[in-house]
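Reading through the structure tokens given below for one structure.
Indexing begins at 1, ligand by ligand and atom by atom, following the structure's order.
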Amino acid sequence: MKKVAVLLIGLLALAGCVPAPNTPDQKESELIVVGFSQVGAESEWRVANTESMKTALCEANGYELIYDDARQEQENQIRAIRSFIQQDVDYIVLSPNTETGWDSILQEAKDAHIPVILVDRRIETTDESLFTAYIGSDFGLEGEMAVQWLDEMLQKRAQQSSPVNIVHIQGTLGSSAQIGRSRALENAVFHHANWRVIAKEDGDFTRAKAYEVMSAIVKSKPQIDVVYCENDGEALGAIDALEQAGYECNVWNGVIVIAFDATHLGLSYCLDGRISLNVECNPLQGPYVANIISALEQGKPIEKIQHIEETQFDCFTITQKDIDGRAY
Ligand code: GZL
Ligand code: ZN
């Protein structure tokens with residue numbers, strides 16, 4: 001219910017004109033109104049993330065969800081947030097496409113006394129009071145898991161000293177997922193004299209863009225040992241281009257393809273060995289957001305920053321049962 005209406009009923013109740021708020025007949029109408037600004041629909045991961053949010057924040061659970069798909073454009077998100085403020089929603093949930101440029105619009109939300117919950121990706125800000133909570137992945141840890149596995153795999157391939165040619169397909173530049181996953185690879189390359197990045201391109205977390213940039217890279221037929229893709233969609237696009245150019249994608253004597261997300265589609269490529277390692281990135285964040293809102297509604301304390309536990313799968317151990325047992 002809009003806060004103004006609740007305030008009005010409260011004042012009228014004091015004047016003895018209407019039953020006090022929260023009487024049974026008002027309870028049903030008191031949906032918590034949530035404005036959700038989502039990055040877009042760029043990947044299977046994102047579709048699963050949206051589904052999780054819509055399921056958790058549904059009317060049967062006591063919410064009215066106003067959903068906006070920003071098509072991976074920050075200005076669309078800023079416009080959506082301003083609209084949520086004008087509608088005087090009770091909460092704003094934001095998955096910021098990239099990390100910078102949020103202070104001004106989030107100050108407007110703060111001035112309107114609307115709590116902002118960040119989900120999935122983070123913002124860069126000097127004023128942490130501009131958001132109430134963050135729930136998402138530790139992208140730096142995801143990247144560390146990947147490069148640790150790669151280091152061990154290269155030793156198994158007896159490539160701990162011979163040159164290792166790496167193609168790095170980055171996610172949307174400036175997004176938390178890209179920053180964390182890229183930083184881990186860059187640190188590992190710095191610490192391994194024989195690892196060299198022969199190409200680094202922005203794949204924007206989409207299969208199409210990754211196919212396009214990888215098709216350009218393979219034109220000169222370089223020696224490629226590893227392709228580090230910052231989500232499943234990019235890995236599939238890169239593999240399309242690699243296989244069309246005659247490259248084999250496999251862990252022992254082909255191109256080692258590394259991916260993030262561990263969606264059903266990505267894991268099916270892992271099962272057939274075309275993706276060597278897939279690091280999980282859990283999109284099922286809806287219930288976590290609902291728990292945060294519920295705690296706030298009850299005036300309970302909440303953790304400001306919450307990371308979701310995640311694992312990894314590789315072509316040696318993944319089974320169809322693993323895949324069938326997963327929700328996305
Ligand atoms: C990660 C999320 C990323 C996914 C991509 O939490 O921000 O965005 O890894 C998605 O699939 O596009
Ligand atoms: Zn090492």
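Note: F36 and Y67 have tilted aromatic rings, judged against thresholds of 30 and 60 degrees for the angle between ring planes. Taking the six-membered ring for Trp and thresholds of 30 and 60 degrees, W149 and F316 have ring planes inclined between 30 and 60 degrees apart.
Between I81 and L94, the closest side-chain pair of non-hydrogen atoms falls below 4.5 Å. Using a 4.5 Å cut-off on side-chain heavy atoms (C-beta onward), M214 and I224 make contact. Side-chain atoms of Q77 and W102, non-hydrogen and from C-beta on, do get closer than 4.5 Å to each other.
Protein N/O/S atoms found under 2.8 Å from the Zn ion (ligand 2), listed by chain and residue number: D151 OD1, D151 OD2, H192 NE2.
Remark: R122 qualifies as a cation-pi partner of Y134 under the 6.0 Å distance and 45° angle criteria applied to the six-membered ring.
Scored by the salt bridge (charged side-chain N to carboxylate O under 4.0 Å, His left out) test, E44 finds no partners at all (sequence neighbours excluded).
At a 4.0 Å heavy-atom cut-off, the residues surrounding ligand 1 are E42, S43, W45, R46, D120, R121, F139, A177, R181, F205, N231, D261, C281, listed by chain and number.
Between the CG atom in D120 and the OG atom in S52 there is a gap of 11.0 Å [rounded to 0.5 Å].
Applying the salt bridge (charged side-chain N to carboxylate O under 4.0 Å, His left out) test to residues at least two apart or on different chains, the pairs with a partner in residues 274-290 are E243-R274, D272-R274, E280-R326.
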